[in-house]
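A quick write-up on the structure given underneath.
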2 protein chains.
Amino acid sequence: MSSAPVVPAAPTDGAKTDRWRRLRSAAIDLFAERGFAEVSIDDIAGRAGVSRRTFFNHFDSKAAALFDPDPTEQAVLASRLAEHAGGGAWTGLTTALEEHLVAEHRVVAARRQILANEPELDRHHVVANAKFEVVLHQWLREQGLAPFPARVVAGIALACVRETFMSWDAAAGPEEFTSSLRDAFALAAAGTATGISVSGGASVGL
Amino acid sequence: MSSAPVVPAAPTDGAKTDRWRRLRSAAIDLFAERGFAEVSIDDIAGRAGVSRRTFFNHFDSKAAALFDPDPTEQAVLASRLAEHAGGGAWTGLTTALEEHLVAEHRVVAARRQILANEPELDRHHVVANAKFEVVLHQWLREQGLAPFPARVVAGIALACVRETFMSWDAAAGPEEFTSSLRDAFALAAAGTATGISVSGGASVGL
DNA sequence: CGATGGATTGCACTGAGTGCAAGTGGTGCC
DNA sequence: GGCACCACTTGCACTCAGTGCAATCCATCG
């Protein structure tokens, strides 16, 4: 009980992560209540019971409080991906992404709701998505893909996620999201395997 | 000489656009000289010979001065796309994009140079790319693609642009960029037509 | 118990971004 | 020409995001 764990189960868990989550939670609640622009960092820090300065020990910016991944999230996604290594890049990638988004569905739904009211926040969301791209690209390269195909595959997968997310009504619940996402992945796989048909029918692959 | 032109050749040309270009030019020069963070908006406005307040009449933010498209650019890209309508979505899209990036190569190169020194600016660049996505997606839908395939195709094309841009040495000149971009587009078309091979060889399309 | 180091906090400061109201200059209309 | 109109510019004042610094608090380890 007293000995240090040989391998910390979740490296960033602890008081710090708790504070991080309290801050994010406060931020999400306030954004949902009043709108992003109407919430100051003092408000967030106040509701989370920490000082304004502490907010900036955890987040680089106000938007980060809404869009940054959980401190453990990168590692979790990475291990999900690792579990699916070797069984086909596309299958592994999409399975891991789906698991991941299901596990995070509460936060994902909160983001969707807030974005629905304030579309201009989409710019920050796009940036958040780009962080995923780094992880996915990295993993795909480890699976043996060259840099460029890895970029394309990651781009396709993220396009699926994005399209699903944007056309999803958060009030409809997570099941809707999951099934739509699965459809999107399947459509992408089928489309790229057979060539997504285009009007005019020119056979250019896409 | 005195009659108003029936159709304004470029709707946003004029004194306002001139100021816009002077401001962008000043911003690019200063960013290249000192680095993004070391340049204030007063600096930019000063060099462009306008007031600080006027800067904000033209740009929403400091980053916008570097990454916003030229006021005429959207229209220009749209008309390039229009020229290539009907001849196959992928071909038209990539041709228009290539033309467009060649025409803009000075600014593109400047951005590349500045990003090389300050990678953290990439977040803004990603946002700028996302604006393209809107235009491309719109055009693809007009070509008869459903929302989702349109998203995927646009995502692939932008992945090509992004990968080419990021792996390009701006000092090498625009020809390098163009030929790399063309290669990337060809690779994407071939890869998606035949299925990008993955290690393990599972036949999942990607 | 005392030392050590990470995290929190308060304070002060720079600079981004905005609202407002007062110029300023050009354009067309009488 | 004179005048009204309009779009753009400018200065001013203000809020608030974000940062550096130094003091403090607290948990853990020896």
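Residue numbers begin at 1 in each chain, while the letters A, B, ... track the order of the sequences.
Remark: P of C/dA16 and CD1 of B/Ile41 are 4 Å apart, rounded to the nearest angstrom. If you take CZ of A/Phe55 and P of D/dA17, they are 9 Å apart, rounded to a whole angstrom. Going from atom CZ of B/Arg53 over to atom C1' of C/dA22 covers 13 Å, rounded to whole Å. Atom P of nucleotide D/dC26 and atom NZ of A/Lys16 are separated by 18 Å, given to the nearest angstrom. Taking atom NE2 on B/His58 and atom C1' on C/dG17, their separation rounds to 16 Å, with Å as the unit. Atom CG in B/Asp43 sits roughly 9 Å away from atom P in C/dG15 (whole-Å rounding). The distance from atom CZ of A/Arg22 to atom C1' of C/dT8 is 13 Å, rounded to the nearest whole Å. Between the NZ atom of A/Lys62 and the P atom of D/dT15 there is a distance of 16 Å, rounded to whole Å.
Contact between the side-chain N/O atoms of A/Arg19 and the OP1/OP2 oxygens of C/dA7 is not found at any separation under 4.0 Å. An OP1 or OP2 oxygen of D/dC8 is reached within less than 4.0 angstrom by no side-chain nitrogen or oxygen of B/Asn57.
Side-chain N or O atoms of B/Ser40 include one that pairs as donor or acceptor with a backbone N or O of B/Asp43 at under 3.5 Å. Within the 3.5 Å criterion, the main-chain N or O of B/Gly173 finds a donor-acceptor partner in the side chain of B/Trp168. In this structure, the side chain of A/Thr91 does not engage the main chain of A/Gly88 through any donor-acceptor pair within 3.5 Å.
Contact annotation for B/Asp42: no contact, since no heavy-atom pair falls under 4.0 Å across all strands.
In the set D/dT9, C/dT8, D/dA17, D/dA17 carries the atom at the smallest distance from any side-chain atom of A/Ser40. With C/dA7, C/dG17, D/dT19 as the choices, the nucleotide that has an atom nearest any side-chain atom of B/Arg52 turns out to be C/dG17.
Listed by first then second residue, pairs satisfying side-chain hydrogen bond (donor to acceptor under 3.5 Å, both in side chains) with a partner in residues 92-112 of chain A read A/Glu73-A/His100, A/His84-A/Glu99, A/Glu98-A/Arg182, not counting sequence neighbours.
The CZ atom of A/Phe185 sits 5.0 Å away from the CG atom of A/Leu97 when rounded to the nearest 0.5 Å.
Of the residues near DNA chain D, A/Phe56 and B/Thr54, the one whose nearest nucleotide (by heavy atom distance) lies more toward the 5' end is B/Thr54.
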